[in-house]
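Quick note: numbers below take in every heavy atom, side chains included, and nothing from hydrogens, waters or symmetry partners. Note on naming: letters A, B, ... go to the chains in the order of the sequence lines (proteins, then strands), and numbering restarts at 1 for each one.
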Amino acid sequence: MTTASAPVLEIRDLSVSFPTETGTVSAVDGVSLDLAAGEIVGMVGESGCGKSVTAMSLAGLLPGSARVTGSVRLDGTQLVGARESALRRVRGREIAYIFQEPMTSLNPVLTVGRQIGEVLQVHERMSRRAARARAMELLTLVGIPSAAQRVDNYPHQLSGGMRQRVMIAMAVACGPKVLVADEPTTALDVTVQAGILQVLRDLRDRLGTSVLIITHDLSAVEYLADDIAVMYLGQLVETGSRERIFARPAHPYTQALLSAAPVADPVRQRHRQPVLLGDDLPSALDPPSGCRFRTRCPLAFDRCATEVPAQTAIGDGMAACHLVRPDGTGPDVRTADPSEVLS
Amino acid sequence: MARYLLTRAWQSALTLLLSTIVVFVGVRALPGDPALALAGEDRSPEALEAIRRHYGLDQPLPVQFAQYVERMAQGDFGVSIRTGTPVSSMLTTALPVTVELSVLAILIAAALGVGAGVLAAVRRGRPAEWLANGLALIGLSVPHFWLGLLAILYLSVATGLFPASGFVPILEDPVDNLHHIVLPAVILGTGLAAIIMRQTRSAMLDSLSSDYVRTAKAKGLRPRAVITRHALRNSLIVVVTVVGLQLGGLISGAVVTEQIFGLPGFGKMTIDAVFQRDYPVIQAVVLLTAAAYIVINFFVDLLYSVIDPRIRVTGDPA
Amino acid sequence: MSVLTVPMAETGTASITRRTRVLRRLRRNPLAVVSFVVLALAGVIALLSPWLAPYSVDQTDFARTFAPPGTAGHLLGTDDLGRDVLSRIMLGARASLQVGLLAVATSLVIGVPLGLAAGYFRAWDAVISRFTDLLLAFPFLIMAVGLAAIRGASLGNAAVAIGIAQIPGVIRVVRSDTLRLKSLDFVAAAVVDGASDLWVLARHILPNATSVILVQATVAIPAAILGEAVLSFLGLGIQPPAPSLGTMLATAQQFAARAPWAAVLPGVVIMGLALAFNVFGDALRDALDPKGDRR
């Protein structure tokens with residue numbers, strides 16, 4: 001995942017835990033990830049695996065009870081443990097967010113123009129009038145027709161897809177270096193999802209913004225992402241380029257995820273055999289020892305319970321599984337049984 | 001917007017009509033001959049006959065009701081049995097006192113209640129929240145007239161800081177007027193403040209954990225801007241509704257407060273009328289209270305639509 | 001993907017029933033325990049006050065009027081007619097609780113069926129909301145004034161006026177809970193099975209709405225107690241010489257110059273009763289909240 005130039009966003013060994021009445025929940029554990037300028041990275045995983053917590057922790061948006069350790073550098077500036085006032089200058093200007101629910105993420109009592117303009121007033125010290133004019137341009141940029149009227153609309157007057165475009169316009173208003181999109185299409189109709197993804201890609205192409213897209217929708221990352229990071233129970237289990245991950249997934253969990261997703265090609269779809277992971281995601285309160293995926297892995301063997309798998313480098317990425325060979329090829333969860341793979 | 005207003009206007013008008021019928025029927029249910037009740041001092045047969053004719057008491061009920069509505073609409077509430085003065089002129093002297101007292105009390109209550117409610121929500125789990133919650137609970141539980149009594153005994157009488165009773169019209173001497181009315185207004189405002197505080201706190205807790213507040217934080221806004229521009233604006237919708245609904249309680253409270261502080265308002269007039277069986281006055285008081293409540297709540301609905309664009313633009317309440 | 005997106009399993013309380021969970025939460029809340037003990041004590045004293053009271057409430061002693069608290073034989077002193085204040089406070093508190101319960105019972109008997117109907121039958125909703133608007137237009141004091149004018153002032157009339165004024169609140173919470181319950185699957189299932197509307201209301205909706213009704217009752221009782229005090233203070237409620245905390249305060253106001261202390265105790269008792277109910281009501285609402293504690 002490293003590129004020639006220094007990464008815009010450099011996440012090292014990021015961990016987040018929450019104290020609760022019943023014990024400490026480790027939501028994110030030792031995540032390291034780079035985002036190069038103009039790169040789109042997709043972070044995928046099941047609900048509750050810690051992707052959103054990772055996203056929120058980047059700009060210090062988690063509630064005060066969260067304990068965050070590790071390092072997040074945005075263009076060299078350390079964000080973990082930074083002062084709130086310093087973080088405020090970064091949020092919305094250097095790193096901006098798009099959330100899942102465009103319905104509830106916009107303030108119902110303010111016009112969309114006000115809400116977009118607000119960012120510019122705060123960070124660029126624009127006048128209200130100038131901010132409104134710029135908001136209109138931004139609405140056009142994200143593909144909203146007749147922006148001159150829409151700018152004075154309230155959120156409830158817009159469709160779901162348009163609201164999400166407003167969220168994007170708001171996020172890119174100050175030309176941030178990094179855009180974090182947390183499930184940007186999940187709450188939308190399938191027909192408008194593609195449009196939103198298209199806007200994100202356009203923005204990257206035109207503005208050079210790096211995008212971290214967090215989703216459980218594999219077709220979205222297949223369409224959009226340059227690189228993919230797969231998360232399971234707070235840990236990254238595999239990273240790599242989109243081509244490699246989709247063609248040769250090494251980690252059994254990645255393989256299971258991919259096998260469950262529908263494929264557009266009917267020939268391929270017919271020959272696929274989904275791998276069913278019967279059990280629920282284990283509790284992050286008391287994660288399994290050794291490899292966290294072992295309780296659901298069809299290939300788990302004794303070593304998985306005792307030893308945390310090391311990360312095997314595969315090209316620019318890695319996979320964390322005992323069964324991944326030094327050459328970067330992994331086991332096939334559909335056919336293999338562990339003894340065979342090991343021999 | 002227009003549809004919403006029309007619906008509300010129609011509903012208010014219907015409620016007003018219904019409450020007029022209730023009062024009309026209530027007056028018929030009064031013990032004794034209504035003509036006797038309306039007659040005042042002069043109870044000669046000729047006078048009673050004149051009253052029956054004047055008030056249409058010899059007509060069938062629907063006709064009587066129509067005449068009744070007509071008289072009320074013209075502000076003819078009859079003549080006080082006790083003083084012989086027209087009830088309408090009693091009202092014109094009494095109402096300004098009550099209105100001033102209530103408006104001042106609402107302002108005090110809104111300032112205290114919204115302030116403490118926001119504080120309690122923002123300082124969640126800290127001493128400030130416990131203090132605000134505790135004070136609100138006490139404010140809900142304390143009998144206000146008793147607070148008023150204590151205030152007179154231990155503030156006015158003992159220290160002489162405030163006059164213990166009496167009233168000076170605002171046009172006569174604004175400073176002295178305020179001096180007389182500020183203590184009653186504070187006492188009347190505390191109960192309402194407690195209710196507003198609790199509603200504000202709970203609405204603020206809801207909006208502070210909402211997605212749009214998360215968005216506002218992610219934009220890099222200062223906490224003050226997040227709280228006032230985003231969280232509070234949405235919470236105020238709830239607060240306005242509460243104030244509207246508590247108006248009845250405020251009217252009841254004003255009656256008692258006036259009684260304790262000897263303010264010559266609507267409340268004192270009412271209580272005096274009950275003990276003197278001054279039926280025309282009682283009738284006017286009951287009818288006017290209902291009408292005032294209905295009309296004010298209609299305006300609260302208007303205000304509601306100003307604050308909440310979802311109603312203003314499409315006419316659908318949130 | 002759908003096989004994978006199973007939500008995290010709920011952490012183990014499924015076996016414990018709702019009622020024991022609510023009780024456990026209440027027991028763990030010190031405020032709930034204290035307020036409950038205060039209420040239980042007040043209830044016992046109120047029930048037994050005719051026997052517990054050291055003097056008869058009407059027993060006058062003109063030789064010893066306005067005895068201050070701490071006087072031998074009269075722990076809390078005597079009033080303008082030399083009657084024992086402690087005895088009058090005990091019986092006054094009894095009357096307060098009586099009015100509180102009577103008023104709330106009135107509001108529940110009328111409000112619960114109307115709230116159920118408004119939430120369950122669409123056609124009734126508009127009619128019942130006009131009725132609610134109508135009731136709201138007559139504040140309890142004005143209602144009491146009207147009732148006093150027609151039927152004379154009494155404890156019963158005060159309770160009825162307060163109870164009627166509390167009906168809209170009951171209708172509102174029962175209606176919204178009925179609307180919520182009606183949309184749940186088990187009600188829909190019962191309807192599909194051919195259950196009659198009355199059966200569904202009585203067997204499925206009402207039992208599930210009891211918790212909101214209970215919470216509404218615990219906030220309505222203290223309001224009614226305060227209302228009784230106000231009405232009695234103004235002379236629209238309990239009539240002298242029957243003891244009432246409100247009338248005691250009215251007397252105290254008259255004789256404030258001679259016995260300022262007389263204005264303190266009855267008010268403290270009213271506030272204590274109302275506070276205990278309000279604190280307990282808050283704790284109960286928190287304990288019943290499925291989302292966990294909000295405080």
A.B. asks: Out of A/Asn107, A/Val122, A/Val180, return the one with the most heavy atom pairs under 4.5 angstrom to chain B.
C.D. replies: A/Asn107
A.B. asks: Evaluate the criterion side-chain contact (heavy atoms from CB on, under 4.5 Å) for residue pair B/Arg201 and B/Leu205; output intermediate values, then yes/no.
C.D. replies: CA-CA 6 Å; B/Arg201 170 177 167 274; B/Leu205 284 177; 4.0 Å; yes
A.B. asks: Where on A/Leu106 is there a heavy atom nearer than 4.5 Å to chain B: the side chain, the backbone, both, or neither?
C.D. replies: backbone
A.B. asks: Mind checking whether A/Thr54 and A/Val16 have side chains closer than 4.5 Å, heavy atoms only?
C.D. replies: no
A.B. asks: Of all of A/Met56, A/His123, A/Glu101, A/Arg93, which one pairs up most often with chain B through heavy atoms under 4.5 Å apart?
C.D. replies: A/His123
A.B. asks: Looking at every heavy atom in both A/Leu35 and A/Val211, which two are closest together, and how far apart are they?
C.D. replies: CD1-O, 3.7 Å
A.B. asks: Assess whether a salt bridge exists between A/Arg91 and A/Glu84, defined as any Lys/Arg side-chain N lying under 4.0 Å from an Asp/Glu carboxylate O.
C.D. replies: yes
